[in-house]
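Both backbone and side-chain heavy atoms feed into the values below; hydrogens, waters and symmetry mates do not.
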Amino acid sequence: MLEIARTIAFIIFIIIILLWIDYKWGQAQYRKKVKKKTYPLRRSNIKIFNSGPKLFYDLFTEIEHAQKHIHILFYIIKNDQFSQKFISLLKQKAEGNVEVRLLVDWIGAHKLSKQIIRELKQSGVHFSYCFKPRFPFFFYTLQKRNHRKITVIDGKIGYMGGLNIAKEYVNQDDKLNPWRDYHIKIKGEAVQDLQSTFLTDWYMATKEDLRVHPHYFPPLSPGTQKQQLVVTDGWGVEGTFLDLIDQAKEKIVIGTPYFIPSERLFNKLRQALHKGVALTIIVPKISDHILVKEASYRYFRVLEKEGATILQFHRGFYHAKVMLIDDQISDIGTSNFDKRSLFLNSEINALLFDSISIEQTKKYVEVDITESAPINEKAYKKPNAFHKLKEAIAFVLSPFL
């Protein structure tokens, strides 16, 4: 019996080593091919949403009015009633001779049935998955996600942010309700950058290259607000966050569902605290994934001891991805403050610089703060042996959480 246990343990050990080699080697090979894309400073009109029902009412209305093409990328689409409404709308537009392209992440949209995909294609929707696992680095590519959420309508209206297509995002889930999230609508120059990003992702998934087709890039009038889109593919988010933190002189507010920073980011936040910068971090009280709370506690204890304010959002589930720097710069996008967004996922973030966007972000963040409270959980304040074990496991698995 002991010999069998040793054999099983040895096999498990060998499998873990092989997976780790696959992951590290695949990561190294992929990193050679990708670059961070920072678009020029643009002028557009920006509208910020902090709830799903308002966002999707606006988005669906604009889709209904589309005349030429609709390009959509979501990380998650499910099979529930809300998702069916979205699917029906796309089929209706495709059947009305509007070009419709739908791109989804292979893992994120795994609940999308083959029947629905078949119906989409039959109605004329161009459909594709991105980031299907493949050899020779199967385990690494299995971890890759296209976490972006992009919609471009007629090349003139764009959306991006944290909301996906499923019932929880419109406050219809029994547990994760209401759902707090941030999404932005763009009209103006920056829409061309959303379009370029989508078409690049579409090319990577399908090898159909539409990136320079003038049909998808109509003339755009500048808006009144300043913004810059930052596109990353597994690398680059860390540098963006480091730069933002470096610019802070008075305060930093970070809203994120998962706080699992790299050591560089963790140390940069500590440096900011030591310089007298006020740091507030907002995370959810309710968790939607195992071990993400435990993974964050080791960082929170140090930051709180050094002066940071750590808050848990109590009114539903907090999925916001927002950063506010000195009331001068805000960052709204798809990137969580975790290692998966930093080093694995494909993400897109909008840096907002104008007073209108900053004030709107600030107003929403202040509401988030009023609906939050300091962490007061026994597992955080006085962890027992079991909780310490969970934290140790969470630390080991943190790149994949």
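- Under the 3.5 Å distance criterion, the side-chain polar atoms of S196 are left unmatched by any main-chain donor or acceptor of D193.
- Atom CG in D209 sits 11.0 Å away from atom CE in M204 (nearest 0.5 Å).
- Under the ring-ring contact (aromatic ring centres under 6.0 Å, His included) criterion, H387 pairs with no residue at all, not counting sequence neighbours.
- F131 has its ring centre no less than 6.0 Å from the ring centre of W106.
- Within the structure, the salt bridge (Lys or Arg N to Asp or Glu O under 4.0 Å) test picks out the following pairs touching residues 158-168 (sequence neighbours left out): K78-E168.
- Legend: residues meeting ring-ring contact (aromatic ring centres under 6.0 Å, His included) with Y380, ordered by chain and number and at least two apart, are Y297.
- Under a 3.5 Å cut-off, the side chain of R145 and the backbone N or O of Q143 do form a donor-acceptor pair.
- Using a distance-only test at 3.5 Å, with no hydrogens or angles considered, no donor-acceptor pair links the side chain of S357 to the main chain of L352.
- In this structure, L242 CG and S262 OG are separated by 6.5 Å, a value rounded to the nearest 0.5 Å.
- Contact check on E347 versus K321 returns no salt bridge, with no Lys/Arg side-chain nitrogen under 4.0 Å from an Asp/Glu carboxylate oxygen.
- Between D105 and R148 there is no salt bridge, since none of the side-chain N atoms of the basic residue sits less than 4.0 Å from a carboxylate O of the acidic one.
- Atoms CG and CD1, from D331 and I325 in turn, are 8.5 Å apart once rounded to the nearest 0.5 Å.
- By the side-chain hydrogen bond (donor to acceptor under 3.5 Å, both in side chains) test, T141 pairs with no residue at all, sequence neighbours left out.
- No side-chain donor-acceptor contact under 3.5 Å links R42 to the backbone of G223.
- Salt bridge K268/D243: absent, no basic N to carboxylate O contact under 4.0 Å.
- A search for side-chain contact (heavy atoms from CB on, under 4.5 Å) contacts involving T309 returns T280, L311, not counting sequence neighbours.
- Using cut-offs of 30° and 60° on the angle between ring planes, the pair H319 and W179 is tilted.
- Between F82 and A166, the closest heavy-atom pair is CD2-O, 3.6 Å.
- Taken to the nearest 0.5 Å, the CG atom of N146 stands 7.5 Å off from the CG atom of D233.
- A search for side-chain contact (heavy atoms from CB on, under 4.5 Å) contacts involving H314 returns K285, Q312, A373, not counting sequence neighbours.
- The distance from atom CG of L324 to atom OG1 of T361, rounded to the nearest 0.5 Å, is 6.5 Å.
- Using a 3.5 Å distance cut-off with no hydrogens or angles, the side chains of T334 and Y75 do not pair a donor with an acceptor.
- Here the shortest heavy-atom pairing between I165 and S83 reads O-OG, 3.3 Å.
- Under the 3.5 Å distance criterion, the side-chain polar atoms of D154 are matched with a main-chain donor or acceptor of K68.
- Taking the ring-ring contact (aromatic ring centres under 6.0 Å, His included) definition, one finds that F353 meets it with nothing, sequence neighbours left out.
- By the side-chain hydrogen bond (donor to acceptor under 3.5 Å, both in side chains) test, K293 is found to be paired with E377, residues two or more places apart in sequence or in another chain being considered.
- Applying the side-chain hydrogen bond (donor to acceptor under 3.5 Å, both in side chains) criterion to K144, with sequence neighbours excluded, gives no partner residue.
- Between the side chain of K93 and the backbone N or O of E64 there is at least one donor-acceptor pair closer than 3.5 Å.
- Between D326 and K249 there is no salt bridge, since no side-chain N of the basic residue sits under 4.0 Å from a carboxylate O of the acidic one.
- Judged as a side-chain contact (heavy atoms from CB on, under 4.5 Å), and not counting sequence neighbours, the contacts of F135 are F138.
- Although no hydrogens or angles enter the test, the distance criterion places no donor-acceptor pair under 3.5 Å between the side chain of H65 and the main chain of E62.
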Distance-only donor-acceptor pairs under 3.5 Å for side chains of residues 47-56, two or more places apart:
none

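- Taking the centre and axis of the six-membered ring of F313, the NZ or CZ atom of R180 falls outside the cone set by 45° and 6.0 Å.
- Checked by atom type and distance alone, the side chain of E294 never pairs as donor or acceptor with a backbone atom of K390 at under 3.5 Å.
- Screening F395, F266, Y258 for a ring pair (Phe, Tyr, Trp, His ring centres under 6.0 Å) with Y299, the sole residue that qualifies is F266.
- Nearest heavy-atom pair across Y140 and L344 is CE1-CD2, 3.8 Å.
- In terms of heavy atoms, S44 sits closest to Q227 at OG-OE1, 2.7 Å.
- Residue L120 holds its CG atom at 8.0 Å from CD1 of I77, rounded to the nearest 0.5 Å.
- Between the side chain of D22 and the backbone N or O of F139, at least one donor-acceptor pair lies under 3.5 Å.
- For H71, the ring-ring contact (aromatic ring centres under 6.0 Å, His included) partners at least two apart in sequence or on another chain are H69, F198, Y216.
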